[in-house]
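FYI, side chains are in, hydrogens and waters are out, and symmetry mates aren't considered; it's all heavy atoms of this structure.
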Amino acid sequence: MFEPRVKAVLGPTNTGKTHLAITRMLAHSSGIIGFPLRLLARENYDRMVAAKGEQHVALITGEEKIIPPEARWFACTVEAMPLDRKVEFLAVDEIQLCADPDRGHVFTDRLLHARGMVETMFLGAETIRPLLQRLVPRAEIETRPRLSQLTYAGPAKLTRLPPRSAVVAFSAGEVYAIAEAIRRRRGGCAVVMGRLSPRTRNAQVALYQEREVDFLVATDAIGMGLNMDVDHVAFASLTKFDGHRSRELSAQEAAQIAGRAGRGMRDGTFGVTADCPPLSDEIVEKIESHQFEPLQTLAWRNSALDFASPEALLESLAAPPPFAGLAKGNDADDHITLAALARDEDVRRLATSRSRVSLLWEACQIPDFRKLADETHQNFCARVFKHLAEDGHLPEDWIASGIASCNNVEGDLDTLMARLASIRVWSFVAARNDWFRDAARFQGEAREAEDKVSDALHERLTARFVDRRAAHLMRKLDDGEEELLSAVTRRGEVVVEGHPVGRISGFNFEAATEAGAGEEERKALLRAARRALKEEMPRRVSLLEASNDDAFGLTPLQRVTWTLPGSPPPGSPGHEAAEIARLKAGPSPDKPLVEPLNSEFLDSAQRERVRARLATWLESTIKKAMAPLEAAETKAAEDSSLRGHLFRLREYLGLVPGGTEREITPELRAKLKAIGVRAGRFALYLPEMLKPKPMGLRAQLWALAAESAVPPLPVGGLVSITPPSNWPAGFAAQMGWVLAGEVMIRLDVAERVAGELGHLTRRAPALLPGDIASRLGVKAEALAPALTALGFRLLNAEPLPEEMFGPPAPLMVAARRDEHRHHPRHDQRGRNQPGRGPRQGGERGERSGGGASRTAPATTPEGEAPAAAEGEAGQAGTPAETPRPREERPRDGNRQGRQGHRDERHGKGGPSAGGQGNKERGDRPRGDRPRGDRPFSDRDRKGGDREPRVFQIGGKRDSGPDPDSPFAALAKLKLGK
């Protein structure tokens with residue numbers, strides 16, 4: 001009888017070691033091969049089934065057991081290898097993992113004790129050669145060279161990675177972030193992680209292998225023999241968490257991963273990407289030459305266990321290595337769980353025999369796939385042991401409910417992966433036939449739940465990280481296929497190869513990229529759509545030239561919009577006006593310029609055609625809106641006295657804020673009115689220009705000159721509004737609104753009301769008309785400030801002594817005038833002077849009163865005039881001080897002041913002869929009043945700066961009632977004085 005052959009096949013990745021071992025095993029009548037990963041075992045199981053048939057091949061992993069009665073060849077994980085089964089051939093892949101501090105003791109045990117009856121083969125890296133020769137002296141060692149060249153390519157951005165690249169990261173968070181970035185920039189990628197089930201992993205690998213995507217993002221799980229068509233491996237990180245600490249990859253580990261690039265005789269490259277620093281020259285040299293430091297020790301754990309008691313079992317697990325070259329690794333999960341359960345009194349009570357201690361050890365060996373970092377797994381193992389020790393089997397309702405709780409496909413990626421980990425635990429338990437009465441039932445239920453969750457996880461991964469449309473286009477573009485089928489739909493959607501890649505808005509292409517997509521993706525889609533766009537843009541320029549004026553519009557940001565012919569009307573679903581140009585300030589406010597927006601699809605000739613058509617439309621629009629002004633200019637063409645005022649109206653787009661009483665004489669006012677122009681208390685304006693459409697255009701042109709967005713205008717028909725907080729200074733007055741206290745009143749209404757009140761109060765205060773508040777559109781409490789801003793005051797008539805106990809006196813209204821201008825004798829004298837009539841007397845009173853109310857033409861009750869400038873209106877709206885009671889005023893001083901002012905006007909004396917009244921005015925002449933900074937007027941208005949006089953009805957008496965009379969005392973009480 002011949003001695004079994006032991007052979008070690010060593011070498012770097014892509015040397016054909018695994019293929020050799022499988023070929024050798026299938027040449028024997030039976031065999032077992034152990035792989036480091038469940039995924040790898042499943043992959044090679046499928047290869048063996050394809051070669052020998054499903055009835056002759058078995059799969060044994062911790063969670064899955066497929067063992068046909070006629071099974072002769074077994075694909076297993078190293079931990080699940082059935083060493084009690086006699087087979088001709090036995091092999092262990094990746095034998096260098098003997099040095100792994102966590103799992104290495106399992107590989108070391110197989111190296112020392114697992115043998116086939118005819119042939120044993122160990123596959124791995126050259127680094128294990130010295131120790132393998134020492135531990136297995138009779139082993140034949142064969143070194144196999146790599147079949148292809150592996151070359152360092154250096155750093156590269158994610159957007160510059162070549163197709164058929166694998167990006168390697170070391171955490172789920174990094175994998176997701178990189179996969180998301182690749183999807184946005186390169187169309188999508190497949191995702192492979194050790195936490196995936198074989199079903200999900202195979203589906204993701206199929207996406208990559210079938211070239212639905214050209215990129216793969218994976219953990220270091222791909223380093224353990226997963227064979228895919230990878231041309232380039234890019235490290236996104238060189239640091240990994242090994243379960244205990246974060247550490248740098250060793251050169252051997254980096255080489256194991258980089259070696260996935262280049263399969264068969266095809267060369268491969270490796271490098272770094274994202275934020276990973278470049279590899280050092282030393283590591284690059286080692287990877288390219290496949291020269292690494294040999295392993296110094298292998299992990300070992302005693303396999304001759306003592307099951308006399310939990311303490312004896314723990315002591316045997318802690319036994320030291322028997323000879324040099326072996327060392328204890330980290331305590332494995334099963335060892336840690338046993339140490340915890342050995343302290344549980346219930347467990348100790350049940351673990352009283354060798355069979356019970358052996359059963360306890362089997363329960364502790366349930367893998368902790370969930371990694372919850374708490375006592376959950378230990379409690380689970382304790383419950384399994386207690387059920388087995390007390391009942392001899394596990395409760396069916398407990399297992400069924402546990403599996404059912406995992407049979408749920410709702411949730412995000414992390415939720416589904418956590419659910420898969422839980423299913424793996426139940427699958428491992430269900431795989432123990434001796435723990436159940438009906439193990440096959442629960443194995444089927446667990447497999448069904450895993451497949452269901454695996455499919456849902458694959459769908460989630462694909463939906464999140466794969467854009468098939470973009471990936472297809474990228475691949476065709478990368479392959480140099482220029483003849484792509486492309487077209488533009490009626491709604492402007494650009495379709496290439498049946499995939500919508502974006503849409504045309506006006507003369508610009510908007511790529512259909514996701515939020516956060518990069519410039520590279522936009523350029524790629526533009527490249528795919530360019531052929532269709534080159535044919536579409538000339539057609540659109542011709543359509544624009546033939547469009548009606550109604551197809552164009554303006555936005556608040558001074559953009560010109562265009563609605564294509566055939567589009568739904570404004571306000572209906574699907575309507576969209578594309579921005580194609582912008583307005584620029586021209587030589588005058590009514591002559592703005594048009595500039596087409598930049599578009600890489602329009603040449604200079606086409607841009608000029610677009611500009612010319614839009615300039616024609618804009619000129620026509622402005623001419624239509626300014627038609628009333630042009631009509632007035634035509635009527636005034638022969639009268640030189642009107643030209644200056646019409647020029648100002650043209651300059652101010654039909655409305656010049658500011659009062660007109662000083663610049664415009666009554667005769668000139670009449671001429672302006674004849675041609676449709678109103679010269680009023682608050683503005684020079686054309687009433688037609690206050691209509692909504694002309695006002696909207698004036699607002700647009702005003703904002704253009706001010707280099708701001710167009711402020712929103714109120715709806716038509718309003719008489720008064722609350723001052724909008726977003727209106728810039730000067731805008732209200734230019735739009736025809738008069739600031740009146742806490743509200744703004746429409747210009748034409750303010751002019752009409754002010755004119756009527758001016759006529760009523762031209763000689764003395766008058767009764768306030770009852771409908772004034774409603775006509776001004778203000779509430780009763782806001783009426784007084786509104787009238788003050790218009791140049792008038794509300795006051796109560798002072799009742800005569802015999803009327804003090806009667807009904808309240810009616811409200812009166814008076815023009816705002818200085819005290820010294822309202823002495824009855826002075827007013828009478830002024831009206832009787834030669835050449836002075838009621839009109840002139842009214843003007844004199846308004847000038848002294850200041851504010852917005854300068855003229856109160858007695859002969860013009862309509863009093864039509866537009867709004868004052870906004871700053872001026874605010875000045876006029878300042879409420880006058882509360883008048884002092886008549887008995888508190890210095891009556892003699894007022895007479896002196898009035899006399900002094902009268903003498904000054906008639907040239908009869910200077911300030912020294914005028915008494916004390918001139919001290920209020922100062923010594924400067926009337927013409928030296930300080931000039932305000934109003935933009936449209938050169939005069940100063942001083943409304944509200946003097947104490948107005950309160951008139952009483954029928955009060956030609958200068959003296960009030962006797963202050964010592966009882967009526968005076970009652971009046972004081974009534975007035976709250």
Side-chain angles (χ1 to χ4, degrees), residues 35 37-46 48-50 53-55 57-69 71 74-77 79-80 191-207 366-372 376-377 380-381 383-384 387-388 393-463:
F35 297 99
L37 297 176
R38 179 194 183 198
L39 296 176
L40 197 55
R42 183 71 193 222
E43 177 183 326
N44 286 286
Y45 164 77
D46 294 335
M48 293 161 60
V49 167
E54 188 174 356
Q55 71 275 18
V57 181
L59 172 67
I60 302 178
T61 66
E63 307 95 275
E64 191 173 14
K65 287 182 174 60
I66 303 175
I67 308 176
F74 293 77
C76 315
T77 54
E79 287 85 349
V191 174
V192 173
M193 294 187 287
R195 297 168 59 192
L196 300 181
S197 66
R199 188 182 183 94
T200 304
R201 197 275 308 182
N202 289 342
Q204 287 292 301
V205 169
L207 284 177
I366 298 174
D368 184 13
F369 295 120
R370 292 173 291 185
K371 304 293 182 183
L372 298 178
T376 302
H377 182 70
F380 178 82
C381 294
R383 184 171 182 179
V384 168
H387 282 304
L388 294 175
H393 58 81
L394 298 179
E396 294 186 353
D397 56 346
W398 178 46
I399 302 298
S401 63
I403 295 174
S405 66
C406 300
N407 193 7
N408 181 0
V409 297
E410 300 300 325
D412 57 13
L413 293 177
D414 290 332
T415 301
L416 292 178
M417 285 192 175
R419 201 167 287 145
L420 268 180
S422 296
I423 293 175
R424 292 183 67 185
V425 174
W426 290 113
S427 297
F428 185 93
V429 173
R432 294 296 302 261
N433 294 329
D434 55 336
W435 288 2
F436 294 93
R437 291 176 178 172
D438 187 4
R441 167 197 166 188
F442 296 113
Q443 290 170 5
E445 291 180 358
R447 190 178 303 111
E448 179 183 353
E450 179 176 332
D451 290 346
K452 188 175 179 180
V453 176
S454 296
D455 291 341
L457 180 57
H458 170 65
E459 292 176 2
R460 298 284 200 287
L461 289 169
T462 303

Problem set entry | Pair Glu64-Arg42, side-chain contact (heavy atoms from CB on, under 4.5 Å): steps then yes or no | CA-CA 10 Å; Glu64 191 173 14; Arg42 183 71 193 222; 2.6 Å; yes
For this session: Would you check, one step at a time, whether the test side-chain contact (heavy atoms from CB on, under 4.5 Å) holds for Asp46 with Asn202?
Result: CA-CA 11 Å; Asp46 294 335; Asn202 289 342; 4.2 Å; yes
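- Between Arg419 atom CZ and Glu410 atom CD the span is 8.0 Å, to the nearest 0.5 Å.
- Between Arg447 atom CZ and Ile66 atom CD1 the span is 6.0 Å, to the nearest 0.5 Å.
- Using modelled atom types, no side-chain atom of Thr462 and backbone atom of Glu459 make a donor-acceptor pair closer than 3.5 Å.
- Minimum interatomic distance between Val191 and Leu196 (heavy atoms only, all atoms of both residues): O-CD1, 3.5 Å.
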For this session: Under the side-chain contact (heavy atoms from CB on, under 4.5 Å) rule, what do Leu457 and Met417 come out as? Steps first, then yes or no, please.
Result: CA-CA 8 Å; Leu457 180 57; Met417 285 192 175; 4.0 Å; yes
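- In this structure, a donor-acceptor pair under 3.5 Å is present between the side chains of Asp412 and Thr415.
- Rounding to the nearest 0.5 Å gives a distance of 6.5 Å between CD of Glu396 and CG of Asp438.
- Between Phe380 and Trp398, the gap from one ring centroid to the other is short of 6.0 Å.
- The minimum heavy-atom distance linking Val429 with Phe436 is given by the pair O-CE1, 3.1 Å.
- Between the OH atom of Tyr45 and the CD1 atom of Ile60 there is a distance of 11.0 Å, given to the nearest 0.5 Å.
- Considering every non-hydrogen atom in both Pro367 and His377, the closest pair reads O-CE1, 3.3 Å.
- The minimum heavy-atom distance between Ser197 and Glu450, with the atom names listed, is CB-OE2, 3.5 Å.
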Exercise. Run the side-chain contact (heavy atoms from CB on, under 4.5 Å) check on Phe74 and Ile67 step by step: do they pass?
Worked result: CA-CA 8 Å; Phe74 293 77; Ile67 308 176; 4.2 Å; yes
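- Atoms CG and CG, from Leu59 and Asn44 in turn, are 10.5 Å apart once rounded to the nearest 0.5 Å.
- Counting heavy atoms of neighbouring residues, nucleotides and ligands inside a 6.0 Å radius, atom CD of Glu54 does not exceed 12 of them.
- By the 4.0 Å N-to-carboxylate-O rule, Lys452 lies too far from Glu448 to be salt-bridged with it.
- At least one donor-acceptor pair closer than 3.5 Å links the side chain of Arg460 to the backbone N or O of Gly411.
- Within the 4.5 Å cutoff, the side chain of Pro395 has no heavy atoms near those of the Arg383 side chain.
- In this structure, CD1 in Ile403 is found 8.0 Å from SG in Cys406, a value given to the nearest 0.5 Å.
- When all heavy atoms of Gln443 and Asn433 are compared, the pair lying nearest together is NE2-OD1, 2.8 Å.
- If you check the side chains of Asn407 and Glu445, you find no donor sitting under 3.5 Å from an acceptor.
- Across all their heavy atoms, Ala446 and Ile423 have their closest contact at O-CG2, 3.7 Å.
- Not a single donor-acceptor pair under 3.5 Å links the side chain of Arg424 to the backbone N or O of Glu63.
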